[in-house]
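First listed ligand is number 1; within each ligand, the first listed atom is number 1.
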Amino acid sequence: MFRHKLDQLAAHSLTRRLTGLSSATGPTVQFSGRRVILLSSNDYLGLATHPEVVQASVEATQRYGAGAGASRLVSGTLPPHQELESTIAAFKQTDAALAFSSGYLANLGVIGCLIGRGGLILADRLCHASLIDGCRLSGATFRVYRHADSAHVEALLRRRQPGRPTLIVTDGLFSMDGDLAPLPELAALARRYDATLYVDDAHGTGVMGETGRGTIEHFAMESAIPFHMGTLGKALGSSGAYVAGPQDLIDYLINTSRPFIFTTAPPPGAMAAAAAALGVMQHEPDRRARLWANQRRFSEGLRRLGFRLTASVSPILPLLVGTAAQAIAFAEQLLAHGVMAPAIRPPTVPDGTSRIRVTVTSEHTADQLDEALVAFERAGRTAGVL
Ligand SMILES: *Cc1c(COP(=O)(O)O)cnc(C)c1O
C-alpha cells in the first residue's frame, strides 16, 4: 500500500528524502564527504553555533538535566523556562510571554484559544502549514484570501454575518516567498471590523526591524498589534517557540492550550540557548548588518544573472523555476557545483511555482557568495533554467 503511494509521488517528482549533513550548520557544511556552501539554513545570524549560545545550553543542561522531566504545569517549569519567558517579554515589550516546544505546536495551540466553532478565520493563501492546521483544528469556518491582499480581506469582512467573531491569520515574513504581510492595513481592518489579528513572525524575529524585534517593529505597529508568536529555531538558533502578549492571554493559554499543556516541557538547554541568543543579538548588532549586506549582494547577483526571483524583501530569496521536476534537476545541479539550496515543491508551495529557496546568513563571506553565484550560473544553464 505504501509502496504504491510512494510510486505515485515519485511519478510527480514529489518524493522527499532526508539530507544528512555530517557537520554543524554554518556557511559551509560537510555533505557526502564534500564541502558545500549551505544556502538553506534559517540560522540567519549564525547563533546556533555561537560560543555564548552553546555555552548557555551546556551550562543549563549540566545544571538542570537533558530533559525537563514533566510537562510545564506538572513540574517541568524550571528556571531556564521562566528566564526565557521574561527575557522575551522584555525584548518584545509585552506583559508576558509563553514558551512552546515548537512553532508548529504553538500555532496548533493558540489559534484554537482565539477562536472556535461559530467563528470565522481569514487566512493568507501562503500561510505556513502549521497555521493552516491550527485553523482547521479550531473548528471555526476557514476562508483563504489572496496573498497579502488586504482589499480581499476587507471584501470578506464586509460579507460576514454582523457580529461574527473573526480572526485574521498571517505570517509576518512569508517563509516561502520572503515578502511581508501588509500589517498596517491588516491591523486597521481588524480594528475597523472588530476582528483579531494573529501574526506568526517565525522568520521575522531577529531579522526584521531596527533592533530585530521582527516584522511588527519593521512596520512600527507594536502598539496596534498587542500579541504575536515567533519561533526560537530560526534566527535565535535554538528550538521551540513563544507567544508574547498581555498577561490575560498568556494566563488563558496556560489554562486551555492543549499543545502547551499536554506535552513535555521544552529541554532546559534549548530555553537557555534561546535566551542567550536574544542577548547576543542585541549586543552584536553587526550580525544583522552583515545579514542585510549579504542579502543585497546575493539578490543583486542572482538578478544580474537573469534569475526570476519572488518579490522578496528579506534574506529568503526564492528563485522561481516552474515544475517540481525542473526544481529537482536544478537543485541536483547546484549540489554537483558545490551549493546546497533546496527545491521547494507542492504541497509546500502552490502548483507550478516550484522553486529553489535560497537563504543567506550573516556568516557567509563575500567570497563564498561569489563562488555560489558562479555555481548558480553554471547549474542554471545545465538545468535549462537560465
Ligand atoms: C518554521 C515555521 C513554523 C514552525 O516552527 P517550528 O518551531 O519549526 O515548529 C511556524 N510558522 C512559520 C511561518 C515558520 O516558518
Side-chain angles (χ1 to χ4, degrees), residues 18 25 40-45 47-48 81 84-85 88 97-112 114 121 123-138 144 147-148 167-183 186 197-208 214-216 218 225 227-244 257-260 263-267 269-271 273-275 277-278 310 312-318 342 344 347-350 355 357-359 361:
L18 295 169
T25 186
S40 60
S41 172
N42 300 320
D43 182 22
Y44 297 111
L45 302 172
L47 297 182
H81 300 90
L84 173 70
E85 287 167 346
I88 290 175
L98 190 65
F100 281 76
S101 297
S102 77
Y104 189 95
L105 284 176
N107 283 334
L108 291 192
V110 177
I111 295 173
L114 297 174
I121 297 175
D124 190 288
R125 191 169 83 98
L126 298 187
C127 272
H128 190 264
S130 58
L131 289 170
I132 305 291
D133 292 356
C135 292
R136 290 198 181 120
L137 196 62
S138 73
V144 166
H147 177 52
L167 182 70
I168 302 170
V169 172
T170 186
D171 293 25
L173 167 55
F174 285 89
S175 58
M176 294 301 145
D177 281 55
D179 59 347
L180 300 177
L183 292 185
L186 293 176
L197 175 61
Y198 179 57
V199 180
D200 170 342
D201 211 21
H203 288 276
T205 297
V207 170
M208 302 303 300
T215 309
I216 297 171
H218 169 86
I225 302 178
F227 68 91
H228 71 280
M229 73 74 80
T231 64
L232 310 176
K234 286 166 179 152
L236 296 181
S238 177
S239 181
Y242 66 84
V243 175
S257 183
R258 296 169 66 87
F260 172 80
T263 195
T264 298
M271 300 294 97
L278 278 163
T310 59
S312 168
V313 292
S314 73
I316 302 170
L317 297 168
I344 307 286
T348 308
V349 293
R355 61 197 66 187
R357 177 180 178 272
V358 170
T359 50
T361 73

Per-atom contacts, ligand 1 versus Ser102 - under 4.0 Å to a heavy atom: 7 (O), 9 (O)
Interfacing atoms of ligand 1 (cut-off 4.0 Å, heavy-atom, Ser130): 10 (C), 11 (N)
Polar contact flag for Asp171 and ligand 1 (N/O pairs, less than 3.5 Å): no
Contact with ligand 1 for Ala241, non-hydrogen, under 4.0 angstrom: no
Shortest protein contact, atom 7 (O) of ligand 1 (heavy atom only): Gly103 N, 2.7 Å
Results of side-chain hydrogen bond (donor to acceptor under 3.5 Å, both in side chains) for His128 - residues two or more places apart only: Ser130
Donor on one side chain, acceptor on other, His147 and Asp177, under 3.5 Å: no
Sidechain-backbone polar pair: Ser314 side chain, Gly178 backbone, donor-acceptor under 3.5 Å: yes
Side-chain (Ser312) to main-chain (Leu317) donor-acceptor, under 3.5 angstrom: no
N or O pair under 3.5 Å between Lys234 and ligand 1: yes
Contact check, side chains of Leu84 and Tyr242, non-hydrogen atoms, under 4.5 Å: no
Donor-acceptor pair, side chain of Asp124 and main chain of Thr170, under 3.5 angstrom: no
For atom 9 (O) of ligand 1, closest protein heavy-atom neighbour: Tyr104 N, 2.9 Å
Residue-ligand contact Met229/ligand 1, heavy atom below 4.0 Å: no
Min N/O separation Ala202 to ligand 1 under 3.5 Å: no
Beyond-backbone contact of Thr310 with Arg355, side-chain heavy atoms, under 4.5 angstrom: yes
Atom 11 (N) of ligand 1 - nearest protein heavy atom and its distance: Asp200 OD2, 2.5 Å
Atom indices of ligand 1 within 4.0 angstrom of Ser175 heavy atoms, with elements: 15 (O)
For Thr348, all residues meeting side chain to side chain contact (heavy atoms under 4.5 Å, CB included), sequence neighbours excluded: Arg16, Met176, Ile344
